[in-house]
2 protein chains.
Amino acid sequence: MKLSGTVLDLNSTDYSSTLDPSYTMLEFDNLRVFPIDTESVIPDPPSLLPQTNGTVCSICADRATGKHYGASSCDGCKGFFRRSVRKNHAYTCRFSRQCVVDKDKRNQCRYCRLRKCFRAGMRKEAVQNERDRISSRRGEGHGLGTLSISVLLQAEAGTHQFAALTSPMSCDINAKKIAGVGDVCDSMKQQLLLLVEWAKRIPEFCSLPVDDRVSLLRAHSAEHLILGVTRRSLPYNEIILLGNDFVIPVSGPEIEISRVAARILEELVKPLRELDITDSEFACIKTIVFFAPDCPGLEAPQTVRRLRFQAQVLLDQATCEQRGRFGELLLILSPLQSVAWQMVESLQLARILGEASVDSLLQEMLLGERVAGTLEQRTGFDQPRRLHKSFDQPILV
Amino acid sequence: MKLSGTVLDLNSTDYSSTLDPSYTMLEFDNLRVFPIDTESVIPDPPSLLPQTNGTVCSICADRATGKHYGASSCDGCKGFFRRSVRKNHAYTCRFSRQCVVDKDKRNQCRYCRLRKCFRAGMRKEAVQNERDRISSRRGEGHGLGTLSISVLLQAEAGTHQFAALTSPMSCDINAKKIAGVGDVCDSMKQQLLLLVEWAKRIPEFCSLPVDDRVSLLRAHSAEHLILGVTRRSLPYNEIILLGNDFVIPVSGPEIEISRVAARILEELVKPLRELDITDSEFACIKTIVFFAPDCPGLEAPQTVRRLRFQAQVLLDQATCEQRGRFGELLLILSPLQSVAWQMVESLQLARILGEASVDSLLQEMLLGERVAGTLEQRTGFDQPRRLHKSFDQPILV
DNA sequence: TGTAGTAGGTCAAAGGTCCT
DNA sequence: GAGGACCTTTGACCTACTAC
């Protein structure tokens, strides 16, 4: 820590641009409490202020001495990361894994500091063995698998963009309308189409036989709906937020719907919020759910199994060696499956009672009923098929 | 952290910025502002101190262990200064603030000792905030984790012994009889009672509130049945082996039953055989399934969640760092849950069709129907309850 | 051949631990 | 609870290797 580093350094840089915005926001919000009006506080000589992102440690906001292990950081965080990785340290947080990591407090919780190192982009592979050098610098594509975090994150981002065009979300949570049964069905339909869009952005999916593509899309679509609504609802306690900007309160007028909403909040939102799940982790989980090798009628189950294997190894990496975290995330899949089934049952009931008019897409994907060619039509999968009989090339954008 | 300040900093006139004005330091402050004795303004020159400079504590003349907080000092004075500053101690001198501070008498007046620390050049700014705990030394008993592999293996072994007494198994697989619906129900009942025996052998289970014990036993009993039959059937390809020595072939006379058997073989036995699952891993998985924190109506869900966490960390350890193995094992839980549900549905159907006479224990544990006191009666959980109203001690052997 | 960038290493002086 | 002998961690500063 150099002398010039003061609290005022915090003013100078837009941290959110250098860090994954999904996790530390809370901490940074806290930090920003003081410095919003910089001009009025002290007119610092420009020379003392870090000019670029590169001069600030993305872990603790101390002055950075360069890029280390993949993240711009100070010597302290650099040394801390190296020691932690070399000695294979397993720290535990004495609090609730939400400790603030800044220049002053960085030594107060090693668990949270190490987590922040990983999240800022430090990679343990970059720490070398004692007394030896890595020969090839640019060896970035580590691993056997073809799936990569970046592909998954891009697929996610692309789909979100796509969704933003379709249905813009309002800002004020209190202004949102409570969903009726019809709104829920609309949202589900919309989200299922987004799932197809998402899948199309994964090259490994596109290389599968067309029948397997359809099978996978149908197999766990309900879980994907629940997963999506869970992610969207992470900030809330009493409501879940649908993709079409409607909300479902836990104590709403539709008993059956609210029951599912309550389970989503209790069994999924709550634990995931406590874990403070990252975007990468979410992307991996979605992929793990998607590539379901037990899906009935699969032509290439071993390929799907291999893809799921890659995805779970990616998730393991994404959890940054935090003791128990990988397991806790995978264990979310059980309640996810359970809640998804309850949702499907509710939908079925609603249809029987005549409360909901179930679209043929919902019928095929969620209720598992064959409606001739629905999925193929909606997704454009059938077109190339007409062209050549044994089509198995990537089709889509 | 670079300590740019030198001993000479004490000469600076702005005492208020370096000294806490609230208590003892204020007096020292005053001493400097109105110097009664001029020596006290500047740190004692090393030459005036007894013996050689670096090896002697400038406060008490004990052997120094280095420079601490700006003054060459012994560990005692170092620790004393840190504690005093951290805790903001305000000492007072019982005499006339002229106490001798040497190795023998340094503990006789804390006021004079602290004053001498400051005068020797120690600066309170050099004392940092509290850090994270190290706990590398004594605390290997990792306080939280009570669950251990050996307890789980013993519970397993004990239950198997118990089972061997009840129903001995024949050796020749070809000699075994094909199970009818009644045999299946008998086997399930027997296995459920064994599940209770197993649970009783886990002290952490016995320490739970009695209602939670009952809830956990009911919650995932179907999965435990499937898990048991999976393990028993690991050597086979075309049949599953029940606990009462009957078998179910995948192509048997009972279509509904065989369908479940086929899924068990395909989705559970096959992948677990490929992984060559060990006893320890199996024991952990069983425990993970058992301690289900989302189980409805739990009094102590956090305790159950902690136990499951311990179990999954144990499983992680049991996989011996083999890349991807832990994830593959946890991902078995999805088909396990799915197959278990299908089994329950089949059972329900069989009961409705009058094919099976479902015992009240099965009814309560598998079908989730409340049959007054069945579980409590069968498992002996009610006896102590009758004895005292608010019973919550471990009951069983 | 130099220089920027980022690995690796060192050790004084912080920290914490735990028995007395 | 405080003292202090003893051990761990931190981080400022340094060297070394590689790519341009």
Side-chain angles (χ1 to χ4, degrees), chain A residues 1-5 54-55 57 59-60 62-87 89 91 94 101 103-110 113-114 117 121-139, chain B residues 1-6 54 57 59-60 62-87 89 91 101 103-110 113-114 117 121-140:
Chain A
M1 185 185 305
K2 293 280 176 65
L3 315 167
S4 61
T55 61
C57 175
I59 292 98
C60 69
D62 195 358
R63 174 183 295 199
T65 60
K67 265 196 151 193
H68 302 292
Y69 312 115
S72 158
S73 63
C74 65
D75 269 338
C77 291
K78 168 197 167 190
F80 171 75
F81 188 77
R82 184 180 55 222
R83 284 190 299 271
S84 299
V85 170
R86 285 254 180 84
K87 293 187 177 172
H89 271 311
Y91 306 125
R94 292 181 290 147
V101 181
K103 191 182 59 170
D104 295 323
K105 305 191 196 72
R106 65 187 175 200
N107 282 318
Q108 285 177 9
C109 180
R110 291 179 294 172
R113 187 184 192 182
L114 183 59
C117 285
M122 287 191 173
R123 294 169 302 108
K124 69 195 258 279
E125 301 79 44
V127 175
Q128 304 162 0
N129 289 326
E130 290 179 50
R131 284 272 172 210
D132 81 40
R133 304 248 71 208
I134 276 180
S135 45
S136 64
R137 243 37 263 295
R138 292 272 82 90
Chain B
M1 183 183 302
K2 183 74 177 179
L3 300 173
S4 69
T6 67
C57 174
I59 290 99
C60 71
D62 194 358
R63 178 192 292 265
T65 60
K67 269 195 150 192
H68 301 294
Y69 311 113
S72 167
S73 63
C74 66
D75 268 337
C77 291
K78 168 195 167 192
F80 170 76
F81 187 76
R82 181 177 55 222
R83 281 191 295 271
S84 300
V85 171
R86 285 253 181 87
K87 296 190 173 170
H89 273 311
Y91 307 125
V101 181
K103 190 186 176 195
D104 297 323
K105 306 191 196 69
R106 66 189 177 198
N107 283 319
Q108 285 177 9
C109 178
R110 291 188 287 188
R113 189 184 191 181
L114 183 59
C117 284
M122 285 193 175
R123 293 168 303 108
K124 73 194 266 274
E125 304 77 46
V127 175
Q128 303 171 359
N129 288 326
E130 265 189 81
R131 289 188 183 169
D132 198 2
R133 301 232 165 88
I134 291 178
S135 69
S136 70
R137 186 182 311 285
R138 183 82 257 137
E140 197 37 63

Axis-to-axis angle between the two ends of the helix from C:dG2-D:dC20 to C:dT20-D:dA2 (five base pairs per end, rounded to 10 degrees): 10°
CZ/B:R63: more than 12 non-hydrogen atoms of other groups inside 6.0 Å: no
Within-4.5 Å side-chain heavy-atom neighbours: B:M122 and B:L114: no
Donor-acceptor under 3.5 Å (B:D62 side chain, B:C74 main chain): no
Cation-aromatic face contact A:R106/A:F80, 6.0 Å, 45 degrees: no
d(CZ, A:F80; C1', D:dG11) in whole Å: 13 Å
Whole-Å gap separating P (C:dA14) and CE (B:M122): 9 Å
Length of the CD-C1' vector between B:E130 and C:dG15, whole Å: 10 Å
Any B:K78 side-chain nitrogen or oxygen under 4.0 Å from OP1 or OP2 of C:dG15: no
Of B:R113 and A:C74, the one whose closest DNA chain D nucleotide lies more 5': B:R113
Touch class at under 4.0 angstrom, heavy-atom based, for A:R83 against every strand present: base
Test item: A:V101 and A:I59 side chains (from C-beta on) under 4.5 Å apart, heavy atoms: yes
Min side-chain heavy-atom separation B:Y91-B:S84 under 4.5 Å: yes
Sugar-phosphate only, base, or nothing, as touched by A:G79 at under 4.0 Å among non-hydrogen atoms: nothing
Within-4.5 Å side-chain heavy-atom neighbours: B:R133 and A:R94: yes
Interatomic distance where CG belongs to B:D75 and P belongs to D:dG4 [whole Å]: 10 Å
Value in whole Å for how far the C1' atom of D:dT9 lies from CZ of A:F81: 17 Å
Side chain of B:R106 - closest among D:dG4, D:dG11, C:dG15: D:dG4
Side-chain N or O of B:N129 closer than 4.0 Å to phosphate OP1/OP2 of C:dG15: no
Short side-chain N/O contact to C:dG16 OP1/OP2 from B:R86, under 4.0 Å: yes
Of the listed nucleotides D:dC13, D:dT9, D:dA2, the one nearest the side chain of B:H89: D:dA2
Touch class at under 4.0 angstrom, heavy-atom based, for A:K87 against every strand present: sugar-phosphate
For atom OH of A:Y91 and atom P of C:dG15, their distance in whole Å: 18 Å
Short side-chain N/O contact from A:Y69 to OP1 or OP2 of C:dG8, under 4.0 Å: yes
4.5 Å side-chain heavy-atom contact, B:N129 and A:Q108: yes
d(CD, B:Q128; P, C:dA12) in whole Å: 17 Å
Proximal nucleotide (of D:dA5, C:dG15, D:dG3) relative to the B:V127 side chain: C:dG15
Nearest to side-chain heavy atoms of A:R82, which nucleotide of C:dT10, C:dT17, D:dA2: C:dT10
Value in whole Å for how far the C1' atom of C:dA14 lies from CG of A:D104: 15 Å
Residue-phosphate contact under 4.0 Å: A:H68 side-chain N/O, C:dG8 OP1/OP2: no
Short side-chain N/O contact from B:R131 to OP1 or OP2 of D:dT10, under 4.0 Å: no
A:R110 side chain, from C-beta outward: closest of C:dG15, D:dG3, D:dT10: D:dT10
